[in-house]
Amino acid sequence: MSVRVRFAPSPTGYLHIGGARTALFNWLYARHVGGTFILRVEDTDAARNTQEAVDVILSGLRWMGLDWDEGPQTGAADGPSKGDRGPYFQSQRGEIYKRRVQELKDKGLAYDHEGAVKFRMQREPVTIPDLVVGDVVRELTDREKFDPDFVIVRSDGQPVFHLVNVIDDLEMAITHVIRGEDHLSNTAKHIALFKAFGVAPPQYAHIPLILNKDGSKMSKRDTGASLSGYVEDGYAPEAVVNYLCLLGWSPKGNREVVPIKEVVELFDLPHILRHNARFDLAKLHWINGEYIKQMDASRFGQLAQEALGKAGVVTAGFAPDYVAAAFATAKEKIKQFREIPSFTDFYFKDEFAYDAEAVAKSFTAENKPRVEKLRGAFAALTTFDAATLEQALKAVSAELGVKAGALVAPVRLACTGRAVGPSLYHLVEILGRERVLKRLDAALAKMG
RNA sequence: GACCCUAUGGUCUAGCGGUUAGGACACCACCCUUUCACGGUGGGAGCCCGGGUUCGAUUCCCGGUAGGGUCGCCA
């Protein structure tokens, strides 16, 4: 029987980073075994669920590159979908649930209770076979000993999570349920429900949770909990996905940066770790830098362009070669596309403010004659490329008896407005003589 | 309160009875250097505690502690 797994999020308006990893692990397993990855929307709480909330999930999964074989194509509950086990929105499956609840009633396993319908839960402990954790024997809690039965249909007629989740997994022929460990205890209920329907439950794999850096539970309010935050900050999706793979799973062999294709080959359920992991932004940051280094120029340019757009920097009027050259000087320097504006905006703006602290340090009376001399040297150059510029600057500094840095700092500030940025010689070459001399003049006017 | 899961440096992890306990991120120092970043070298830092089992436990068992989860007419 071929493997069928699903990611079944509830559209709450954002995609939790833990949910994103659950989706990823489901996808990885499906791709590893050549199975089917299904997306199902658990929108039973109609009041809270909107098409926009569903779109957040769809776009998040697409951003990560997790394609699904069955499921909705748009955020509309009654919109198009692919797969023959639909509908893939729970809000569209009311008739199925009604029929199944009747089945339980007919079997004497469900009964009406103050307007709601309750399931007659078994009183004995339930053994949960789990591919990650092993066999878990779930005893009844004190409250459950008092009354183990639980509501499966609310008094307003709405079926509850445990019921619909099981029915859908059953009807969609799900073979492996890969989900967060927060569902482990509840799995006893699910297994009992499957048994009640006369069907063998799927195999379970409960994966550890992702906690905050300090070990506390990551809830929607915590920074970093939402996938969209990483999209906004300009992380490369492949880096985020790679990092997520490393939380609760290991490629072994002391490897960290592993292409997703290889992860698909290596991934398997029994190798998933059993303990929770904490989310470490610093490591994601580093991985992102690694991916940026490997990235080809066109992909880098595309992501850089997006980052500049968000910062309101317009590159439209500049030649493609100029833009590409400008980006190239930032590529080896940044670890996050959020840094792009501060590394490249001066290429596209003639008006900019100088960093105040750097002004105090570099735009000094002492530096003025030095910069004037260098300006003269730059103006006299016959070729204006990085190598020549470096030579010229070093010649001037030698003549003046100062270190190269004494000239570099004020020139950098004059050309970029900042103390930190791309290689000075390269950025000066790209800006070109005309712009550079103009910027040096403007800076000289402020010195002394 | 009951039930369930978990426990290797600050963090992510390798390890699956005998290892100088390995790697990565982060941190510190130095080198390289036009800033930053990269790169290089070196460094500090770990098997939660207590009992067993065993010739020998980080590794197996039990207890404790700690963290997380569940016990809803939320999902």
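In the text below, chain A, chain B and the rest are named by the order of the sequence lines, each starting its count at 1.
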Would you say a side-chain N or O of [X] is under 4.0 Å from OP1 or OP2 of [N]?
{"X": "Arg138(A)", "N": "C5(B)", "value": "no"}
{"X": "Lys252(A)", "N": "G15(B)", "value": "yes"}
{"X": "Lys293(A)", "N": "A37(B)", "value": "no"}
{"X": "Arg143(A)", "N": "U70(B)", "value": "no"}
{"X": "His162(A)", "N": "C73(B)", "value": "no"}
{"X": "Lys283(A)", "N": "A26(B)", "value": "no"}

Given [options], identify the nucleotide with an atom nearest to the side chain of [X].
{"X": "Asp142(A)", "options": "C74(B), A2(B), C4(B)", "value": "A2(B)"}
{"X": "Leu246(A)", "options": "C4(B), C12(B), C71(B)", "value": "C12(B)"}
{"X": "Ser423(A)", "options": "G39(B), A75(B), U34(B)", "value": "U34(B)"}
{"X": "Glu181(A)", "options": "C5(B), U34(B), C71(B)", "value": "C5(B)"}
{"X": "Asn254(A)", "options": "G22(B), U11(B), C25(B)", "value": "G22(B)"}
{"X": "Asp280(A)", "options": "U70(B), U8(B), G10(B)", "value": "G10(B)"}
{"X": "Glu144(A)", "options": "G69(B), C71(B), C5(B)", "value": "C71(B)"}
{"X": "Tyr425(A)", "options": "A26(B), U34(B), C73(B)", "value": "U34(B)"}
{"X": "Lys394(A)", "options": "A2(B), U34(B), C5(B)", "value": "U34(B)"}

Quick one: on RNA chain B, does Gly405(A) or Arg255(A) contact a more 5' nucleotide (nearest heavy atom)?
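In this pair, the answer is Arg255(A).
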Tell me which of Lys145(A) and Val133(A) sits closer to the 5' end of RNA chain B, going by the nucleotide each one is nearest to.
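First, find each residue's nearest nucleotide; the 5'-ward one identifies Lys145(A).
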Looking at [N], which nucleotide sits across from it as a Watson-Crick or G-U wobble partner, both distances under 3.5 angstrom, or is there none?
{"N": "C36(B)", "result": "none"}
{"N": "U41(B)", "result": "A29(B)"}
{"N": "C48(B)", "result": "G64(B)"}
{"N": "A57(B)", "result": "none"}
{"N": "A24(B)", "result": "U11(B)"}
{"N": "A2(B)", "result": "U70(B)"}

Treating [X] as the side-chain partner and [Y] as the backbone partner, does any N or O pair qualify as donor plus acceptor under 3.5 Å?
{"X": "Tyr291(A)", "Y": "Val257(A)", "answer": "no"}
{"X": "Gln122(A)", "Y": "Glu124(A)", "answer": "yes"}
{"X": "His32(A)", "Y": "Leu269(A)", "answer": "no"}

Using a heavy-atom cut-off of under 4.0 Å over every strand shown, decide if [X] touches base, sugar-phosphate, or nothing.
{"X": "Leu273(A)", "result": "sugar-phosphate"}
{"X": "His183(A)", "result": "base"}
{"X": "His285(A)", "result": "nothing"}
{"X": "Lys403(A)", "result": "nothing"}
{"X": "Pro9(A)", "result": "nothing"}
{"X": "Lys331(A)", "result": "nothing"}
{"X": "Leu424(A)", "result": "base"}
{"X": "Ser155(A)", "result": "base"}
{"X": "Val117(A)", "result": "nothing"}
{"X": "Gly421(A)", "result": "base"}
{"X": "Leu140(A)", "result": "sugar-phosphate"}
{"X": "Asp182(A)", "result": "sugar-phosphate"}
{"X": "Ala277(A)", "result": "sugar-phosphate"}
{"X": "Glu256(A)", "result": "base"}

Given atom [atom1] of [X] and atom [atom2] of [N], what is their separation to the nearest angstrom?
{"X": "Phe279(A)", "N": "C25(B)", "atom1": "CZ", "atom2": "P", "answer": "17 Å"}
{"X": "Arg274(A)", "N": "A14(B)", "atom1": "CZ", "atom2": "C1'", "answer": "15 Å"}
{"X": "Leu247(A)", "N": "G68(B)", "atom1": "CG", "atom2": "P", "answer": "17 Å"}

State whether the distance check finds a donor on one side and an acceptor on the other, under 3.5 Å, for side chain Lys333(A) versus base U35(B).
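Such a pair is found, so the answer is yes.
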Is the base of U35(B) touched by the side chain of Arg418(A) through a donor-acceptor pair closer than 3.5 angstrom?
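Side chain to base: no pair present.
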Which atoms form the tightest heavy-atom contact between Leu440(A) and Ala414(A), and what is the distance?
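Result for this residue pair: CD2-CB, 4.0 Å.
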So, for Phe352(A) and Gly417(A), which heavy atoms are closest and what is the spacing to 0.1 Å?
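Here Phe352(A) and Gly417(A) meet closest at CE1-N, 3.4 Å.
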Pairwise [atom1] distance for [N] and [M], with rounding to whole Å:
{"N": "U8(B)", "M": "G15(B)", "atom1": "C1'", "result": "9 Å"}
{"N": "C31(B)", "M": "U13(B)", "atom1": "P", "result": "36 Å"}
{"N": "A21(B)", "M": "C25(B)", "atom1": "P", "result": "22 Å"}
{"N": "A75(B)", "M": "U70(B)", "atom1": "C1'", "result": "14 Å"}
{"N": "G1(B)", "M": "G64(B)", "atom1": "P", "result": "14 Å"}
{"N": "G22(B)", "M": "C47(B)", "atom1": "C1'", "result": "13 Å"}
{"N": "A57(B)", "M": "G18(B)", "atom1": "C1'", "result": "9 Å"}
{"N": "A26(B)", "M": "U41(B)", "atom1": "P", "result": "16 Å"}

Using ring pair (Phe, Tyr, Trp, His ring centres under 6.0 Å) as the criterion, point out the one residue from Phe25(A), Tyr29(A), Phe37(A), Phe7(A) that pairs with His176(A).
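Among the candidates, only Tyr29(A) passes.
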Is the distance between the ring centroids of Phe300(A) and Phe337(A) less than 6.0 Å?
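Yes, close enough.
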Non-hydrogen side-chain atoms of Met447(A) and Val371(A) separated by less than 4.5 Å:
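Met447(A) reaches Val371(A) side chain to side chain.
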Salt bridge (Lys or Arg N to Asp or Glu O under 4.0 Å) for Arg278(A) and Asp214(A)? Distances and angles first, verdict last.
CA-CA 7 Å; Arg278(A) 302 181 188 205; Asp214(A) 66 0; over 6 Å; no
Working to the nearest 0.5 Å, report the span between CD1 of Ile260(A) and CD of Glu238(A).
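Between Ile260(A) CD1 and Glu238(A) CD, I get 10.0 Å after rounding to 0.5 Å.
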